[in-house]
2 protein chains.
Amino acid sequence: MQSVTIRDVAARAGVSVATASRVLSGHPATSADSRHRVDEAARELGFRLNAQARSLRKTRTNTIGVLVSDVRNPFFAEIAHTVEQSALAASMATLLCNANESTDQQDLCLDLLVSQRVDGMIVAPQGDGSGSLRDVLTLGMPVVFVDRTIDGVDVPSVTSDNRAGIADAARHLAELGHRRIGYVAGPQETSTGRERLLAYRDAVAEHGFDTDPHLVHQGDFQVASGVEGAELLLGLDEPPTAILAADSLMTFGVLQVCQDRGVRIGSELSLVGYDDIGTFRLVSPALTVIAHDPARMGALAVEMIRDVLAGETVTSAVLPTTLVVRGSTGAPDPRRIA
Amino acid sequence: MQSVTIRDVAARAGVSVATASRVLSGHPATSADSRHRVDEAARELGFRLNAQARSLRKTRTNTIGVLVSDVRNPFFAEIAHTVEQSALAASMATLLCNANESTDQQDLCLDLLVSQRVDGMIVAPQGDGSGSLRDVLTLGMPVVFVDRTIDGVDVPSVTSDNRAGIADAARHLAELGHRRIGYVAGPQETSTGRERLLAYRDAVAEHGFDTDPHLVHQGDFQVASGVEGAELLLGLDEPPTAILAADSLMTFGVLQVCQDRGVRIGSELSLVGYDDIGTFRLVSPALTVIAHDPARMGALAVEMIRDVLAGETVTSAVLPTTLVVRGSTGAPDPRRIA
DNA sequence: AACCTCCGTGTAATCGGTTCCATGGAATCG
DNA sequence: CGATTCCATGGAACCGATTACACGGAGGTT
């Protein structure tokens, strides 16, 4: 890993380092002659610009940090992918971190990103605005929230319309005749978890659904809590006729339990999932889901962070959700309606 | 983004920058007194070490590059996740890149990673060893291959036993009585694509399966090519009684087509997928798959790259695959056996 | 011919850390 | 008690780029 520096290039080209630097970074004030000679020399020596040195001098690293909770979640994988691609198109690198739904690890990651002096961050945040997140913001670090926000923290964000999503799903279930609807909630440390739960509660009130507190299971956006929730809900003396799960991983968990117990989805039990993961089309019956658009979210987030970096003011965006009705929802099981 | 530098800290603590640096980077030759004062000053000023500056001086960036083909592929998402977590545990950052199964983009990413002076790279490579990959290696950059390798390129790798995986699956199908087996192959630009196809051919010879060349569809590890392959295979005058797909995304494609056409998997058609994605358990019937262990792969890759960086010699690892038999494979449809 | 622009170029300072080397005081030893 | 060792410390060079500033030559104007 010996390094060819710009000095070597300059020497070989017979020019000063200043000229070499100007040529290599596309500065206009260079003659055709030196441009040619420097390019040639750089090629011959296999010169690779040292981004560390450049970053130190300029105060831009051309790198953005991406903090999501877990790339193994297809929703965040999609976001991470589009963010990386959009950034690459602007020849920026992306530093990826997973917080694993843990505030401690989120802090760890944020500290890492600050120390790496990323130009900006795209964050799916968690917790209240305390800890490293507060530090990051008071530092003046450009941040854009994606998918989630934090109450009282004024940061541009691109989210989706969680309340509308749940409301649509609830209306759909109401129209089918359901009155007793189980809900596997997301962690209340996240804005999405909170908003969706609130929307569920509103729907319960609006449609006059059963208000039995046992119908809500507090999960954590992980598969295991979906399993747990499903077992509890299905184990109730009077089980729900439909279940709504607040994210894709918990939906998987619910599906798994239904599979294992031989619960026939669509007839015995209606199920609505959150996030339109490709595989939700493939299970049978295909899943009715509240879909949103992580790719668009990611792309928009990059656009926003670039705008912030360019000094422009940006406004938050709330993307619509769509209810995709498939076979997993149907009229409630007549035996259960009583 | 004004910056508190180590000079500010030193001034406030009433020591020299040398001492401040020693304290902040844990150098032993420091007195308890200055340790206390420097730590205090750093805390009060909110000092954040500038990793760029440090990297410039040391010749380590404490960053590793991760180049996979697509994080939206659950297999690579798992690898990316474990790599990131293992790296974080060693307080290293990870620069993530997606090559999208394109050699051009792979080159772009490699150039980016070199310019960022990552300490080492974990790469799921593609193509022959030409282009930027050759440059990277001649540069002396520590590289570990993961999942895939490149013929004639001597780089430590952690892969899985592709041939055994396919062989097991083929034997399983043979035992069930299948003789005509469709194969949706991976891109021949990847070692996994090649090895698995070779193993399929070997199995055809060994078990005396039909050798009709139409039974092999050349795919590219993407969902769309699985769809294409399934349509072609199922559209044959004499369709196969079983299909083997060389990765999870193509398996999704095949599943999708079967779903759409109402093909009953497990009876009308047996299906074996590659990679044990969580959702393959959930489709019904659950999918028989060739499973391997991306988490272990990722963790091992990090271990290996750290060993390489520590100057130790490392040896490549080949992890075993397991055939997980579920409901998607059964005896061939009697009507088709003729 | 004298003057002014304009433009390409080189010198050197700079970014924010790390580390070699010299120094001086305290502790240890003969 | 003088010599030696040890150790914390500070000064300054250094990593590899960028860029402010000064300079000199070519070309244009009056």
Side-chain angles (χ1 to χ4, degrees), chain A residues 1-39 41-42 45-63 91 93 112 114-119 139, chain B residues 1-39 41-42 45-63 91 93 112 114-119 139:
Chain A
M1 287 289 330
Q2 92 310 338
S3 245
V4 178
T5 77
I6 201 169
R7 262 162 253 279
D8 303 325
V9 174
R12 174 153 195 138
V15 299
S16 71
V17 288
T19 301
S21 171
R22 279 188 275 257
V23 170
L24 291 169
S25 50
H27 190 95
T30 49
S31 69
D33 181 50
S34 37
R35 268 199 298 278
H36 176 72
R37 299 170 61 177
V38 170
D39 284 339
L45 295 174
F47 171 74
R48 306 302 201 115
L49 199 133
N50 184 325
Q52 312 296 316
R54 161 179 283 183
S55 302
L56 180 58
R57 186 59 228 265
K58 316 228 222 192
T59 1
R60 288 274 283 247
T61 53
N62 248 26
T63 300
S91 65
L112 186 76
V114 168
S115 143
Q116 292 290 336
R117 295 292 191 275
V118 293
D119 291 338
L139 221 58
Chain B
M1 288 293 330
Q2 91 310 337
S3 244
V4 177
T5 77
I6 201 170
R7 263 161 251 277
D8 303 325
V9 174
R12 175 155 195 135
V15 300
S16 71
V17 288
T19 300
S21 171
R22 279 189 277 258
V23 170
L24 291 170
S25 50
H27 190 95
T30 50
S31 68
D33 181 50
S34 37
R35 267 198 300 277
H36 176 72
R37 300 170 61 177
V38 170
D39 284 339
L45 295 174
F47 171 74
R48 306 300 201 115
L49 199 133
N50 184 326
Q52 312 297 317
R54 164 179 280 183
S55 302
L56 182 58
R57 186 60 231 263
K58 315 229 223 191
T59 358
R60 287 276 281 249
T61 53
N62 248 26
T63 301
S91 66
L112 186 77
V114 168
S115 145
Q116 292 291 337
R117 295 291 192 273
V118 293
D119 292 338
L139 220 58

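Below, each value reflects all heavy atoms present in this structure, side chains not excepted, and no hydrogens, waters or symmetry copies. Numbered from 1 within each chain, the chains take letters A, B, ... in sequence-line order.
More than 12 heavy atoms of other shown residues, nucleotides or ligands fall within 6.0 angstrom of atom NE2 in H27(B).
Put simply, S25(A) has no side-chain N or O that comes within less than 4.0 Å of OP1 or OP2 on dA17(D). Considering only side-chain N and O atoms, T5(A) lies nowhere under 4.0 angstrom from the phosphate OP1 or OP2 of dG16(D). When the side-chain nitrogen and oxygen atoms of T19(A) are compared with OP1 and OP2 of dG10(C), one or more of them lie within a distance under 4.0 Å. Residue S21(B) places at least one side-chain N or O under 4.0 Å from the OP1 or OP2 atom of dT18(C). Distances shorter than 4.0 Å separate none of the side-chain N or O atoms of R57(B) from OP1 or OP2 on dC14(D). In terms of phosphate contacts, S3(A) brings no side-chain nitrogen or oxygen within less than 4.0 Å of OP1 or OP2 of dC15(D).
Whole-Å rounding puts the L56(A) CG to dG16(D) P distance at 12 Å. The NZ atom of K58(A) sits 15 Å away from the C1' atom of dA20(D) (whole-angstrom rounding). Between the CG atom of D33(A) and the P atom of dT9(C) there is a distance of 7 Å, rounded to whole Å. Taking atom CD1 of residue I6(A) and atom P of nucleotide dT14(C), one finds them 19 Å apart after rounding to whole Å. When rounded to the nearest whole Å, the span between CZ of F47(A) and C1' of dA17(D) equals 8 Å. H36(A) places its NE2 atom 18 Å from the P atom of dG8(C), with the value rounded to the nearest Å. When the P atom of dA17(D) is taken as reference, atom CZ of R117(B) falls 7 Å away, rounded to whole Å.
Residue A20(A) is the one, among R54(B) and A20(A), whose nearest nucleotide of DNA chain C lies closer to the 5' end (criterion: closest heavy atom). Mapping P28(A) and V17(A) onto DNA chain C by nearest heavy atom places P28(A) closer to the 5' end of the strand.
In this structure the side chain of S115(A) never reaches within 4.5 angstrom of the side chain of L112(A), judged on heavy atoms.
The residue L24(A) sits apart from the nucleic acid: no heavy atom pair falls under 4.0 Å. Within 4.0 Å of S34(A), counting heavy atoms only, lie sugar-phosphate atoms of the nucleic acid but no base atom. Counting any heavy atom pair closer than 4.0 Å across all strands shown, T59(A) reaches no nucleic acid atom.
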Intermediate values then yes/no, side-chain contact (heavy atoms from CB on, under 4.5 Å), R54(B) and Q52(A): CA-CA 9 Å; R54(B) 164 179 280 183; Q52(A) 312 296 316; over 6 Å; no

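Minimum atom distance to the side chain of A29(B) is reached by dA8(D), of the listed dT18(C), dG16(D), dA8(D).
Using a distance-only test at 3.5 Å, with no hydrogens or angles considered, a donor-acceptor pair links the side chain of T5(B) to the main chain of R7(B).
Put simply, the side chain of R7(B) and the base of dG17(C) share a donor and an acceptor less than 3.5 Å apart. Contact of R22(A) with dG10(C) (side chain to base): a donor-acceptor pair of N or O atoms is detected under 3.5 Å.
Side-chain contact annotation: T30(A) with R22(A), donor-acceptor N/O pair under 3.5 Å absent.
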